Each structure stands twice: as C-alpha cells, then as structure tokens.
Amino acid sequence: MATNNEIEFKQLLTEKQYNVIHKTYFNEIEPFKQTNFYIDTPDFDLKDHKSALRIRVKDEYLEMTLKIPAEVGLTEYNFETHVVPELNKPIPEQSLPSEIADQLTKMDIDLTKLIILGSLKTERLEKEINGNLLVLDKSTYLDFEDFELEYEVEDYDEGLIQFKSILEKFDMKHEIPANKVQRFFNRKSNLYHN
C-alpha cells in the first residue's frame, strides 16, 4: 500500500498545442498506455465528495486508487488489486482494501452500490524537468479525445511558478481544468441527457 499527497498542475491542450509540446519535450520518448476504469455509485456519490475511485490497468498490473481532497492537492490511497475491471461490473465490498473502505465509509458511501461506470484510455509521455515530472497525455473516452499537460511537483508554490513558465513558452495562460474523472463523468452525463 502506498499513500501519498499528490500535487500536480494541469492544462488542457488543443491537438496543435499537444503536437508542439510533444515535439519540444518528448520527441525521443516512447509513450506507454494505461486504462482507468472509474468506479462510483449510480448516484455519483464519490463525485459529489470531489473524490474518485479507479482501477488502473498498466502492463497487466492492476492498481486500485482512491483520491480524496487534501489541504493541498489530493491524498491518494494506492493498492494492487486482483479485481479484473469490466464495464458495469459491481465491485464486491470484500474486494476493497480496508483503508479505502474506511475512507468511503467516512463519506457515507454505500459500499454495496459501487460499480464500474466507464473507462478512459491514455497514451502517456513522461519526462523529468527541474526535479519534477512533466506528463503529456492523450486520452480517449466515450468517442472523444482530449489532450492534457500535467506537472507533478513536491512544492506547490515553486511548482506553480515552473509550470506557468513552461506554459508561457507556448503562449498559454494557466487555466485549471476539470480532472480526467470529472471530464469523463461530465461527458457521460451530457451524452445521457442528450
């Protein structure tokens, strides 16, 4: 089990911006692929708590992660899991790591109602810059594609200055986007209501 405080800055990109950043920073780097399977109740109780539960599949490795808001950034609870994710598959309460179950119980989430509501595939590139991790993502979900730049840092203030400096090189102003799980559920909601 790993618990860590995640501090990262994000910026949504156009495909053109993605391509320019790719050429500038990631030209020699091979991408890797991962798929996130998002878990919530049918009433989106986790989303209402600004929290997210997922199973990530990367190179046959399965990891269950709960992200909950922290004073700065997010607190992540990461565990290897043997739950093989499938769309619309219920998550048995006994398959939840006890630390994740405890956190969900504190939020009054009904553990018997957890279900895999969808998946998002990401092609990811990573590079260390200034001792921090610069990440370029191309994500596909619900017949939609988006592009995102992330900067994972240890120090919030210094990291924000560095991230804004990177964006300025491409004439971009920092705009905080919804995170991937929010974008996924927003699109799912829009498709459902149209």
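Just so you know, these numbers come straight off a predicted model, no measurement behind them.
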What I'd like to find out is whether the side chain of L136 reaches to under 4.5 Å of the side chain of I29, using heavy atoms alone. no
In terms of heavy-atom contacts, P31 and E123 come closest through CB-CG, 3.6 Å
May I ask you to say whether D45 pairs ionically with K113, meaning some side-chain N is under 4.0 Å from a carboxylate O? no
Dump the intermediate steps for side chain to side chain contact (heavy atoms under 4.5 Å, CB included) on F163 and N132, then the final yes or no. CA-CA 10 Å; F163 187 59; N132 296 309; over 6 Å; no
Closest approach of E148 to L13 (non-hydrogen atoms, all atoms of both residues): C-CD1, 3.9 Å
Flag yes if F170 and L12 sit in one hydrophobic cluster, no otherwise; membership is Ile, Leu, Val, Met, Phe, Trp, Tyr, and two members link when side-chain heavy atoms are under 4.5 Å apart. no
Can you see which heavy atom on L96 is nearest to which on A101, and at what distance? CB-CB, 4.3 Å
Between the main-chain N or O of I161 and the side-chain N or O of S165, is there a donor-acceptor pair closer than 3.5 Å? no
A side-chain contact here means heavy atoms from C-beta on lying under 4.5 Å apart; do Q17 and Q11 qualify? no
Is M172 reachable from F9 through a run of hydrophobic residues whose side-chain heavy atoms are each under 4.5 Å from the next? yes
Here the pair of heavy atoms bringing I115 nearest to N88 is CD1-O, 3.4 Å
Are I68 and Y77 side-chain neighbours, meaning at least one heavy-atom pair lies under 4.5 Å? yes
Heavy-atom pair of closest approach, residues P92 and S95: O-OG, 2.6 Å
Path from M107 to I100 over hydrophobic side-chain contacts below 4.5 Å: yes
Taken to the nearest 0.5 Å, the spacing of M64 CE from N78 CG works out to 11.5 Å
Are any non-hydrogen side-chain atoms of Y141 and K188 less than 4.5 angstrom apart? no
Around E154, counting heavy atoms of other residues, nucleotides and ligands shown, do more than 12 lie under 6.0 Å from its CD? no
Nearest 0.5 Å please: distance from the CZ atom of R56 over to the OG1 atom of T81. 14.0 Å
Looking at D40 and L46, would you say the former's side chain and the latter's main chain have a donor-acceptor pair under 3.5 Å? yes
What distance do T122 atom OG1 and K33 atom NZ have between them, rounded to the nearest 0.5 Å? 11.0 Å
Would you check if F79 and E99 make a side-chain contact, meaning some heavy-atom pair closer than 4.5 Å? yes
In terms of hydrophobic clusters joined by side-chain contacts under 4.5 Å, are L87 and L62 together? yes
Rounded to the nearest 0.5 Å, what's the gap from OG1 on T75 to NZ on K67? Could you check? 11.5 Å
For F32 and E126, run side chain to side chain contact (heavy atoms under 4.5 Å, CB included): C-alpha distance rounded to whole Å, both residues' side-chain angles, the deciding distance at 0.1 Å, then the answer. CA-CA 9 Å; F32 61 88; E126 296 181 344; 3.6 Å; yes
So does Y156 have more than 12 non-hydrogen atoms from other groups sitting under 6.0 Å from OH? no
Minimum heavy-atom separation for E76 and E6, please, with both atom names. OE2-OE2, 2.7 Å
Mind checking whether D137 and K180 have side chains closer than 4.5 Å, heavy atoms only? yes
Between the side chain of Q182 and the main-chain N/O of N179, is any donor-acceptor distance below 3.5 Å? yes
Does the side chain to side chain contact (heavy atoms under 4.5 Å, CB included) test come out yes or no for N130 and E158, once each step is laid out? CA-CA 10 Å; N130 301 323; E158 185 60 34; over 6 Å; no
Side-chain donor-acceptor distances from residues 18-27 under 3.5 Å, at least two apart:
from	atom 1	to	atom 2	distance (Å)
N19	ND2	E15	O	3.2
T24	OG1	V20	O	2.8
Y25	OH	K169	NZ	3.1

Flag the pair R124 / E150 as yes when at least one side-chain heavy-atom distance between them is below 4.5 Å, and no otherwise. yes
Once you round to the nearest 0.5 Å, how far does CG of L120 lie from CG of L142? 8.5 Å
Starting from the C-alpha separation in whole Å, work towards a yes-or-no answer on side chain to side chain contact (heavy atoms under 4.5 Å, CB included) for F37 and K89. CA-CA 10 Å; F37 288 85; K89 178 180 181 176; over 6 Å; no
Inter-residue atom distance S139.OG - F144.CZ, 0.5 Å rounding: 10.5 Å
Group every Ile, Leu, Val, Met, Phe, Trp and Tyr by side-chain heavy-atom contacts under 4.5 Å, then state whether L53 and V84 land in the same group. yes
T65 backbone acceptor or donor facing R54 side chain under 3.5 Å: no
Considering only heavy atoms from C-beta outward, does the side chain of E80 approach that of E63 to under 4.5 Å? no
